[in-house]
Number of protein chains: 4
Amino acid sequence: MEVAVLGATGMVGQRFIERLVNHPFFELSDLAASSRSAGKKYGEAARWVLDSAMPKEVKNMSVREVDPKKINAEIVFSALPSEIAREVEPKFAEEGFIVASNASAYRMEKDVPVLIPEVNPEHLDLLEVQKENRGWDGCIFTDPNCSIAAAVVSLKPIYDKFGIKSVFITTMQAVSGAGYAGVPSMAITDNVIPFIKNEEKKVETEGLKILGRFDGKKIIPANFRVSASCNRVPVLDGHTESIFVETRKKGSIEEVKKVMKNFRSLPQKLKLPTAPENPIIVREEEDRPQPRLDRYAGKGMAVTVGRIREDSILDFKYTVLGHNTIRGAAGNSVLGAELLVKTKKI
Amino acid sequence: MEVAVLGATGMVGQRFIERLVNHPFFELSDLAASSRSAGKKYGEAARWVLDSAMPKEVKNMSVREVDPKKINAEIVFSALPSEIAREVEPKFAEEGFIVASNASAYRMEKDVPVLIPEVNPEHLDLLEVQKENRGWDGCIFTDPNCSIAAAVVSLKPIYDKFGIKSVFITTMQAVSGAGYAGVPSMAITDNVIPFIKNEEKKVETEGLKILGRFDGKKIIPANFRVSASCNRVPVLDGHTESIFVETRKKGSIEEVKKVMKNFRSLPQKLKLPTAPENPIIVREEEDRPQPRLDRYAGKGMAVTVGRIREDSILDFKYTVLGHNTIRGAAGNSVLGAELLVKTKKI
Amino acid sequence: MEVAVLGATGMVGQRFIERLVNHPFFELSDLAASSRSAGKKYGEAARWVLDSAMPKEVKNMSVREVDPKKINAEIVFSALPSEIAREVEPKFAEEGFIVASNASAYRMEKDVPVLIPEVNPEHLDLLEVQKENRGWDGCIFTDPNCSIAAAVVSLKPIYDKFGIKSVFITTMQAVSGAGYAGVPSMAITDNVIPFIKNEEKKVETEGLKILGRFDGKKIIPANFRVSASCNRVPVLDGHTESIFVETRKKGSIEEVKKVMKNFRSLPQKLKLPTAPENPIIVREEEDRPQPRLDRYAGKGMAVTVGRIREDSILDFKYTVLGHNTIRGAAGNSVLGAELLVKTKKI
Amino acid sequence: MEVAVLGATGMVGQRFIERLVNHPFFELSDLAASSRSAGKKYGEAARWVLDSAMPKEVKNMSVREVDPKKINAEIVFSALPSEIAREVEPKFAEEGFIVASNASAYRMEKDVPVLIPEVNPEHLDLLEVQKENRGWDGCIFTDPNCSIAAAVVSLKPIYDKFGIKSVFITTMQAVSGAGYAGVPSMAITDNVIPFIKNEEKKVETEGLKILGRFDGKKIIPANFRVSASCNRVPVLDGHTESIFVETRKKGSIEEVKKVMKNFRSLPQKLKLPTAPENPIIVREEEDRPQPRLDRYAGKGMAVTVGRIREDSILDFKYTVLGHNTIRGAAGNSVLGAELLVKTKKI
């Protein structure tokens, strides 16, 4: 199946390429980027910023314009900025493309699933509703915000087993979350920035949608409350989050650990190519997870949880870490597309 | 009045020296350190690690042993490690010295005040109880833990005006909190460490004692609950903390800001030499406080609060920042000693 | 005397403001910036990025356009980007302003002095030649490149005493040298970038002009060779440079130290307000200078030299450190203007 | 063939384990460490600090004492501190072990080869001289200092083709070179330290020995001069070095690039398991090599060279980068042992 990447020259675009080259399901047929890059060879247009080298397969590919007429693919992975995504992604969906989007533009639309394949695979059925609503041949599904992604994976087995009443999340987010040039070194060296624009609202709402119930027509959000405080720290990749949880039923710390450790879902059952063996890795050391040591767990697709302990006010608290541009972006989208293919939803 | 510093060669010891040289109340008469340094000139024994230069006044002072018989002073400022403090500080108190301690060793003893001069100046009266209990001519009062120090300053006007039911604190703490060699660069570069030994317990208990009521004989702790999650981040100085608060009476965000902005206390009234004009500086920018930009506010003695906003679960949330080795250590002790002197408690 | 800052909202512009507010010679009458900022209050137009707070004196000043007709001042300090400086600075000079420029645009023009007040104060006489050549009422003098600035200050007493045959310089430059948003944190965290565009050429040529001889009409460059290798390192402020020197006459390490330590020049003799007591501070510790500890020596105007030692190939080697946006930019310009005023060259 | 690691719990010890687990030639039979760790399971004794996880194969191995009588192996890889190595390594050699040492203790002894397998494989013949001299059944060969290792690999093809007269090296060294706890974060954050104890002497002498000629009895050092200036920078792994070279015969920049690119040596011909395909990778981009992007080239065994350009004083200059604990330590030793095995020197 042929797939394309929109916004292929940026950092998340590069993460897509890294994960799609030599993929068992997908053939990377087209790369698209802004008019500044369109027409050039990818090797000239893009400045590769990942630690891995630029795959030789893409060096000589011609960069296309971000235009459905110029792209040959069934699925397009979109790493476009949100404003451009808002305008362009529907055009792709209209022309019959399946759009796997990293932008926030359509996340909170009623008929657009925000997918974490291990958490809400059944939300993909919302795509039928979407197609009907909009009269599209194609469709759009999106990634969650990179901060809530890791949190929700860790909360899913808790929610299923104990129910949740309230969650406090303080994030310590990596600079890559703002894009390659998003955070100047002058701003963040020897510093913490206690603010990320629009981030707290995303963290407080998207998780409820993802953990919501699909009733055949719409998603009924999960019925609990989330409060977030979002911070930028001098870390390259990997968002670390301190989480405090109040559950409906009480569970011991050991039970909480157990449901997290044992959590497996559809991507694991289907043995999807990039599904991590364990979506949640529980560490027992007193000082883990740490972004530099744990961000590549499960090739960046596992979230790592540690310090699960009793809370003096609510029920328990813990720290979770996830790779923001893999589990929280490109990797999550690719896994979603694998799920679509394997479940014959396309 | 002659004063001495115990543990004078370490980083907090240096902060003491920085603040005591040319002090209007105090004459720095003696510097004491471990037997490795004792007998040498301070300029040879100490490797100065602050950005300021080593004051010329101390270069040629002979380093003394940490022994009450070798020290000539009325007040000793102790920057000793906790295990050594536990053994040595009572000997000084017994010999009639006033010990202003940065160690955690005696903080939770019933007759030892944990002093923040703006928050609980009346707790100094506990020293009389202590002297009587222990039969000492001198006494010990201590600094709080460096994380709770900033938080409690910011919570004090809230507590007085609205009452507090619960507080969640996630800290992002500077490496200097662990001492000069405490955090290897290999451990923290491009990283967050979600654990600081014994720190959460201190944060969860010390604040209640500081905000407690002195009934003439003992301190009755404040009646609310604190939950803490403590993290180390790649910042040199300045602890940043995300705080979520549930109050007893409701107040608007504007009222909360107002009580913080207007907070003044005894050190301000007495115009103590190192008292900051405003113990709490409230910033209105969306992205402050930041440790690199705000840690030296009020010469390191003011805490900076920002992002005061409504909370989706409790009442409000905000970010506070304080300089951990000044407001949270040496500076706070020196201000405490100024208060003692000015109020003629010694 | 009234002075203005062009490019006042950027980082070097802010350094100018920091040094000009409450200056004994100058009255900061106007601030100018791009059309995006012009018309706004400075406090709204500028995002202050220095550790010091924005001076209250400038908050309510209206930002002007960068247009000689809109500016009321005798001296304009220019922190404009080089392309804009190339176009705009001559217009100011033509209109009679003295332009103290930080841009590289006119540095290598034959009739434009590149001034380090301690090194080549006599080059200011070239301004007469410039005025005559160009028919200007005003004039332009410039700062050197921020890397060569520190090196040349340290080389000046060597050059005068021993002569120089060749110099190898490897720089480890701070990120502020590229402007506030110049170096993304994704680019430099846990990294070194061994390249700075056009920098090596500047280092290899500007120093020879600065150390050159003014013959009354033109500057005859110093007759030695410089080779540079320029690197960016994860440091906020302060360029550190490893320097290897071959001299014409031989001097012992002690003699080299002595001429550096004893170096004083015209700004010191004239007691100019921002002249450092010692332009060169020689440290004897084995591990100094260090940017974080030494960059503010002499309020950022002194360069710090350390590790002066014999070289196994040439004559000696050492490390020099200077604050790149103070000694290497705004501070150097202001000192230059003080020199002009005091020597009645204006 | 059974091999053991001495000093197995430290960072270089861990690098050894990483490279020896599942090695096609070697079976990791024993791990030894200080008496503090001896007797424990490795998984308990060691705090794993590499980004990879601790290999499961070693978790349950019992840590041995560093005593030849307690170790069962033919080759011992020593990551011991230099003072301990000085005492212990000869005992192992005496007992018949081949000691592949990372310590500096014996590097400059006349009968001890300092081996870089691609540069001076013929120096292994010196081991026969050593055995005879010392009456040992075993022998010692060592790694070079981690800074000179990368430099010498890059200089070898230059030396062979053009001859060398003089070399200036300014290093920007990673913190891992000082061991896990060697450089406090308080020392290096936002800083450069222009000093590494004893490092410059090693850089100035070891390379000459490595490039020296073995005449059947002894090594005649290469006849050129090296001058070094060594700096520590805030980088985790990977030493970056600015190098200026004067050759005996002149070669164009293109010729220099060509001999570097084409450099292959005995380990490549023998297809040793950990030999990099290209010992030197030449990058053409203007801003490479960079430690974060290039340190793992050739799985950490290739050095990356960039910015080869004409020098204004000598012949040419360039930047080289090598992974200091792989190419400059554990990886180099393992490759040396592979060479010994394959060439039947053991």
Side-chain angles (χ1 to χ4, degrees), chain C residues 165-172 174-175 186-197 200-201 204-205 224-244 246 285-293 306-307 309-314 317-321, chain D residues 165-172 174-175 186-197 200-201 204-205 224-244 246 285-293 306-307 309-314 317-321:
Chain C
K165 286 173 82 172
S166 58
V167 177
F168 295 86
I169 302 179
T170 298
T171 67
M172 290 161 280
V175 293
M186 284 299 294
I188 198 71
T189 303
D190 180 21
N191 208 13
V192 168
I193 301 174
F195 177 71
I196 300 173
K197 205 172 173 74
E200 292 171 358
K201 199 185 160 198
E204 294 180 352
T205 56
F224 62 88
R225 285 173 309 164
V226 178
S227 173
S229 187
C230 292
N231 301 280
R232 189 77 72 193
V233 294
V235 165
L236 287 163
D237 286 309
H239 290 354
T240 310
E241 307 175 22
S242 287
I243 298 187
F244 305 77
E246 182 182 24
E285 299 92 329
E286 65 188 8
D287 62 355
R288 298 291 275 267
Q290 294 180 20
R292 210 183 64 239
L293 302 181
R307 303 203 69 223
R309 60 207 191 280
E310 295 209 355
D311 185 56
S312 53
I313 302 179
L314 307 178
K317 52 190 171 187
Y318 64 91
T319 301
V320 67
L321 173 100
Chain D
K165 286 173 82 170
S166 59
V167 176
F168 295 85
I169 302 179
T170 297
T171 69
M172 291 160 279
V175 293
M186 285 298 294
I188 198 70
T189 302
D190 181 20
N191 207 12
V192 167
I193 304 173
F195 177 71
I196 300 173
K197 207 174 169 72
E200 291 172 359
K201 197 182 162 200
E204 293 181 352
T205 57
F224 63 88
R225 287 174 307 164
V226 178
S227 173
S229 188
C230 293
N231 301 281
R232 188 77 70 194
V233 293
V235 166
L236 288 163
D237 287 308
H239 290 355
T240 310
E241 307 175 21
S242 287
I243 297 188
F244 305 76
E246 180 181 26
E285 297 93 329
E286 64 189 9
D287 63 354
R288 299 290 276 268
Q290 294 180 20
R292 209 181 69 239
L293 301 181
R307 302 203 70 222
R309 60 207 190 280
E310 294 208 0
D311 185 55
S312 54
I313 302 179
L314 305 178
K317 52 190 171 185
Y318 63 92
T319 301
V320 65
L321 172 102

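Here is how names work: the chains are called A, B, and so on, in the same order as the sequence lines, proteins then strands, and each is numbered from 1.
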Heavy-atom pair of closest approach, residues [X] and [Y]:
X	Y	value
C:P194	D:R307	O-CD, 2.8 Å
D:M172	C:V233	SD-CG1, 4.5 Å
C:S227	D:K317	OG-NZ, 2.9 Å
C:V192	D:V235	CG2-CG2, 3.9 Å

Side chain, backbone, both or neither of [X] within contact of chain D (heavy atoms, under 4.5 Å):
X	answer
C:Q290	both
C:R288	backbone
C:V167	backbone
C:R225	both

Among [options], residue most engaged with chain C (heavy-atom pairs, under 4.5 Å):
options	answer
D:D287, D:T170, D:I313, D:L321	D:I313
D:L314, D:L236, D:L293	D:L236
D:G306, D:A174, D:P234, D:S166	D:P234

### Task
Please examine the side chains of D:D311 and C:F168, heavy atoms only from C-beta on, and report whether any two atoms are closer than 4.5 Å.
yes
### Message
Is the shortest side-chain heavy-atom distance between C:S229 and D:R309 below 4.5 Å?
### Response
yes
### Message
Could you check whether D:T240 and C:N231, counting side-chain N and O atoms only, form a donor-acceptor pair closer than 3.5 Å?
### Response
no
### Message
What verdict does the side chain to side chain contact (heavy atoms under 4.5 Å, CB included) test give for C:F195 and D:T319, after you've listed the backbone C-alpha separation in whole Å, the side-chain angles of each residue and the deciding distance to 0.1 Å?
### Response
CA-CA 10 Å; C:F195 177 71; D:T319 301; over 6 Å; no
### Message
Counting only heavy atoms not in C:E285 (residues, nucleotides, ligands), do more than 12 fall under 6.0 Å from its CD?
### Response
yes
### Selection from C:P289, C:S312, C:G238 maximising heavy-atom pairs under 4.5 Å formed with chain D
C:S312
